[in-house]
Amino acid sequence: MTVIKAALLGFGTVGQGVYEAVQTHGEQLKELFGAELSIEAILVKDLSKHRNGVPETLLTDDFEHIISIPDLQVVFEAIVGEEPGLSYLKRSIQSGCHVITANKVMFARHGASLLKEAEEAGVSVGFEATTAGGAPVIRTISELLKVNRIQSVEGILNGTSNFILSVMREQGLSFEQALELAQQKGYAEADPSADVEGFDAYNKLMILSQLAFGEQPDWKIEDVEGISSITPEQVTEASNRGFRFKHIVRAEQTEQGITASVKPVLLTEEHPLYSVEGVINAVTVSASLAGLVTVQGAGAGKLPTASAMVEDAAALAGKLNLNSTVQSQYA
Ligand SMILES: NC(=O)C1=CN([C@@H]2O[C@H](COP(=O)(O)OP(=O)(O)OC[C@H]3O[C@@H](n4cnc5c(N)ncnc54)[C@H](OP(=O)(O)O)[C@@H]3O)[C@@H](O)[C@H]2O)C=CC1
Ligand SMILES: N[C@@H](CC=O)C(=O)O
């Protein structure tokens, strides 16, 4: 059987979601590609961990094993931190693979150079999953607003923070209880301080700024404010007065350059982001011709994030090599 060989780096919340999505939506992918998308190997850090629902023979802790798979065409990356993700993706690009990443920490800092390397190598980089999970904000800006000049982007970009603020208000949970729930649901980062101190939203804003304005604002990481100091009493008092705390990011093109902010804000019912609740993210783009365009959807979690990654894979239809009748060891 003709297969498109793919590898998966990381088998945590997101990696498991990608594996599941490829299995449950294999027919749709096959129809798009005219061949089966086959996950040939999965890179993990700790081989001794018990993993459900995946053949043990697929697992490896050695990237060299992955990169030496003959005719490998697609590498999905869902591991944590700048390195080794960046090096693995560079190696994959140099080997002629298309890469698809969810790793925003890495992509916020190195996305522009990775995209350049990929262009030179004639392959593509999918990064929809880096920003706003399953809500297709990257594709909306990069493919549907190509002629428009983007004036600003504003929104809620951290699912964990929005979830915490929502359940503190709705269910009267403490900050710690709400965070624990977000962790159980697979929304939070491995180090959740990235979520609640605002750095995750900061990284996503950097990615959007690069995409929308071709550059990132020149500002210091100390300017980022998270939600960790907001108390249940403040949430309740705000709610009684008709306000909701929301963690809002904003970047705007001005004559002086790009200005940006990442901070909690009190919103009234009239504000469009007031009713964006739970793990949902929303981004409003102000575009020169289209006006205000809002994209909204689940900003974190296993399947919404996997959705963004397999949709990036779907965008490779027509770019993949289907001439070889490659034999998968599993087909
Ligand atoms: N969770 C979410 O909703 C979203 C997460 N992301 C991003 O996706 C990426 C993955 O997130 P998530 O799945 O939640 O994270 P997890 O912590 O659940 O999983 C991380 C996976 O990466 C593996 N890993 C970590 N370090 C290495 C390494 N050095 N070499 C090989 N494998 C490694 C781990 O291996 P092992 O299992 O052996 O420990 C694990 O399988 C992160 O960059 C995150 O920021 C993006 C959008 C949404
Ligand atoms: N921890 C992140 C996961 C998705 O990017 C979040 O909560 O938004």
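Both counts, for ligands and for their atoms, begin at 1 and track the order of listing.
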Completion exercise
Under 4.0 Å between heavy atoms, the region of Val279 that gets near ligand 2 turns out to be neither
Handout entry: Distance-only N or O hit between ligand 2 and Asn281, under 3.5 Å
Key = no
Handout entry: Salt-bridge criterion met for Asp223 and Lys263 (N-O under 4.0 Å)
Key = no
Handout entry: Joint cluster assignment, Leu157 & Val285, ILVMFWY side-chain distance < 4.5 Å
Key = yes
Exercise for the section: Have a look at ligand 2 and work out which part of Asn158, if any, has a heavy atom under 4.0 Å from it: side chain, backbone, both or neither. Expected result: both
Practice task
Give yes if a backbone or side-chain nitrogen or oxygen of Gly186 is under 3.5 Å from a nitrogen or oxygen of ligand 1, and no if not.
Solution key: yes
Handout entry: Within-cut-off N or O pair, Val80 and ligand 1, under 3.5 Å
Key = no
Practice task
Consider every N or O of Lys302 and every N or O of ligand 1, then say whether any pair is closer than 3.5 Å.
Solution key: no
Practice task
If you have a sec, work out which protein heavy atom is nearest atom 10 (C) of ligand 1 and how many Å separate them, to one decimal?
Solution key: Ala78 O, 3.3 Å
Exercise for the section: Kindly confirm or rule out an N or O of Ile79 lying under 3.5 angstrom from an N or O of ligand 1. Expected result: yes
Exercise for the section: Identify, for atom 14 (O) of ligand 1, the protein heavy atom at the shortest distance, and state residue, atom and that distance. Expected result: Thr13 CB, 3.7 Å
Problem - Min heavy-atom dist Gly133 to ligand 1 below 4.0 Å - result: no
Handout entry: Salt-bridge present (Glu269, Arg244; N to O < 4.0 Å)
Key = no
